[in-house]
Amino acid sequence: MTTHGDQLAVDVRGLRKRYGDVTAVDGIDLAVRHGEVFGLLGPNGAGKSTTVEILQGNRSRDGGEVSVLGSDPGSGTRAWRSRVGIVWQDESAPAELTVRETVRHFARYYPKPRDPEEVIGLVGLEGKAGSRIKALSGGQRRRLDVALGVIGGPELLLLDEPTTGFDPAARRQFWELIRRLADEGTTILLTTHYLEEAEALADRLAVVAEGRVVAEGEPAALRERHGTGATVEWTESDGSPRSEHTETPTRTVAELIGRFDGEIPGLRVSRPTLEDVYLRLTGQDGLSGPAGQSDVPAPPAGQESPR
Ligand code: ATP
């Protein structure tokens, strides 16, 4: 058994994967610490799923070093597998079984499973424990999938787009679940397309584009570092809306105060959102090219390197 110490939960260096002519992963570095929620964000085809599958031990790699809970997933033992929680989409559980029967059944695969009733409660399915799987809604079904991912009491949970297809309420409930698991000490790596999800959940995140990490750090720090300036919006006396992007919003507002007598109609000062930053980093903002040059050596300390 590996001792953890200061070791990272997930340590990926120079990961590469090709499918024929397609380079899916082109030298990804990742450092996920024990106990953190780490988000992998990126557009379609960025290489997120491929990376997660390699971390799960379900896909081979062409290059790089990968350590997940101290082991190479490519040669992970059964004991190692029981420490890594994988959430499959639509786990092939018989539709006739109830939620409780299914969770109990899966618990038997693990040496030290969690209490099935407790896990059913954790994912918010206590009201459906006696329902057959076929009678669950899509969102409830995904909750069951998560229950099956955590029934073994994993130290690390790997989630690939866990909330795709959720309605907004189900997504918020799922976030609560992730936070509860994180509070219990589970390390979580999740991929998502949803910026607000990454911002709501992730202690740190990596933005991936074209198989590379193009930025990495705390969501707020990423926004600060990569999103400069602010937009000042107001309404002119004739009713026409105005906006100005500026590096010095305070000066702009001061000028407006001098010009308007009293309140400035429709005044709004907004900083770039994480979405603005994300679109720029991934070359989808219509201004910058694809983010080919990584500005991140991804130091394990999680501090973003300066541009
Ligand atoms: P999405 O957000 O759309 O799920 P992703 O970031 O998860 O995308 P991957 O699924 O890892 O990206 O795909 C990365 C690249 O590798 C894409 O160009 C994809 O077409 C290609 N790819 C993925 N899986 C295979 C496969 N089994 N065979 C061939 N090419 C593949």
Side-chain angles (χ1 to χ4, degrees), residues 10-32 37-66 68 72-74 84-91 138-139 141-142 145-146 149 156-166 170-171 174-175 178 188-202 204-217 219 222 274-275 277-285 288-296 298:
V10 175
D11 193 356
V12 173
R13 307 208 183 167
L15 180 62
R16 288 181 191 282
K17 176 67 184 179
R18 291 177 68 87
Y19 300 104
D21 291 342
V22 176
T23 301
V25 179
D26 195 14
I28 279 185
D29 295 329
L30 288 177
V32 181
V37 179
F38 193 95
L40 214 50
L41 202 63
N44 290 134
K48 305 179 299 295
S49 297
T50 300
T51 301
V52 170
E53 286 163 9
I54 291 169
L55 298 180
Q56 293 170 340
N58 291 327
R59 198 171 279 290
S60 64
R61 62 184 188 267
D62 296 324
E65 288 173 27
V66 181
V68 175
D72 184 332
V84 180
I86 297 174
V87 174
W88 305 99
Q89 299 221 4
D90 289 331
E91 184 80 64
R141 186 57 235 243
R142 291 292 285 142
D145 292 336
V146 174
L156 169 70
L157 191 56
L158 298 171
L159 298 164
D160 193 11
E161 293 182 26
T163 62
T164 296
F166 278 23
R171 179 165 299 132
F174 185 82
W175 293 357
I178 294 299
I188 297 165
L189 184 146
L190 62 92
T191 72
T192 181
H193 287 132
Y194 302 109
L195 278 297
E196 78 275 22
E197 183 159 288
E199 191 149 37
L201 290 180
R204 286 191 308 130
L205 55 90
V207 179
V208 181
E210 298 181 359
R212 295 183 199 176
V213 175
V214 293
E216 189 241 11
L222 280 183
L274 187 60
E275 180 157 324
V277 172
Y278 167 78
L279 291 174
R280 192 159 68 80
L281 285 168
T282 55
Q284 298 177 101
D285 61 351
S288 37
Q293 298 79 36
S294 167
D295 62 352
V296 211

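Source: prediction; values computed, not measured. Numbering of ligands and ligand atoms starts at 1, following listing order.
- Protein heavy atom at the shortest distance from atom 16 (O) of ligand 1 is Ala24 CB, 3.3 Å.
- Within the 4.0 Å heavy-atom cutoff, Lys17 does not count among the residues contacting ligand 1.
- To the nearest 0.5 Å, atoms OG1 (Thr51) and CG (Asp160) are separated by 9.5 Å.
- Counting only heavy atoms of the protein, atom 9 (P) of ligand 1 lies nearest to Thr50 OG1, 3.6 Å.
- Within the 4.0 angstrom cut-off, atom 19 (C) of ligand 1 has no protein heavy-atom neighbours.
- In this structure, Glu65 places its CD atom where only 12 or fewer heavy-atom neighbours from other residues, nucleotides or ligands lie under 6.0 Å away.
- Nearest to atom 10 (O) of ligand 1 among the protein's heavy atoms is Ser49 CB, 3.7 Å.
- Here the closest non-hydrogen pair linking Leu41 and His193 is CD1-C, 4.4 Å.
- Residue contacts with ligand 1 include Gly47, since one or more of its heavy atoms lies under 4.0 Å from the ligand.
- The closest protein non-hydrogen atom to atom 21 (C) of ligand 1 is Tyr19 CD1, 3.7 Å.
- Scanning both residues, Asp21 and Arg18, for their nearest heavy atoms gives O-NH2, 3.5 Å.
- A cation-pi arrangement is present between Arg171 and Tyr194, with the terminal nitrogen or guanidinium carbon under 6.0 Å from the aromatic centre and inside a 45° cone about the axis.
- There is a protein heavy atom less than 4.0 angstrom from atom 2 (O) of ligand 1.
- Contact annotation: the side chain of Leu30 approaches that of Leu40 to within less than 4.5 Å [non-hydrogen atoms, C-beta and beyond].
- Distances shorter than 4.0 angstrom do not occur between any heavy atom of Gly20 and any atom of ligand 1.
- Using 4.0 Å as the threshold, Glu161 has a heavy atom nearer than that to some atom of ligand 1.
- Between Ala46 and ligand 1, a contact under 3.5 Å exists for at least one N or O pair.
- Of all the heavy atoms in Phe38 and Ala202, the pair that sits closest is C-CB, 4.5 Å.
- The residues Asp62 and Arg16 are annotated as not salt-bridged, no charged nitrogen and carboxylate oxygen being separated by less than 4.0 angstrom.
- Which parts of ligand 1 touch Pro43 is read off a 4.0 Å heavy-atom cut-off, strictly below it: atoms 2 (O), 6 (O).
- The one candidate from Asp29, Val66, Ile28 that meets the side chain to side chain contact (heavy atoms under 4.5 Å, CB included) condition with Arg13 is Asp29.
- For atom 8 (O) of ligand 1, the nearest protein heavy atom (residue, atom name, distance) is Gly45 N, 2.7 Å.
- Heavy-atom proximity to Asn44, at under 4.0 Å, picks out these atoms of ligand 1: 1 (P), 2 (O), 3 (O), 8 (O).
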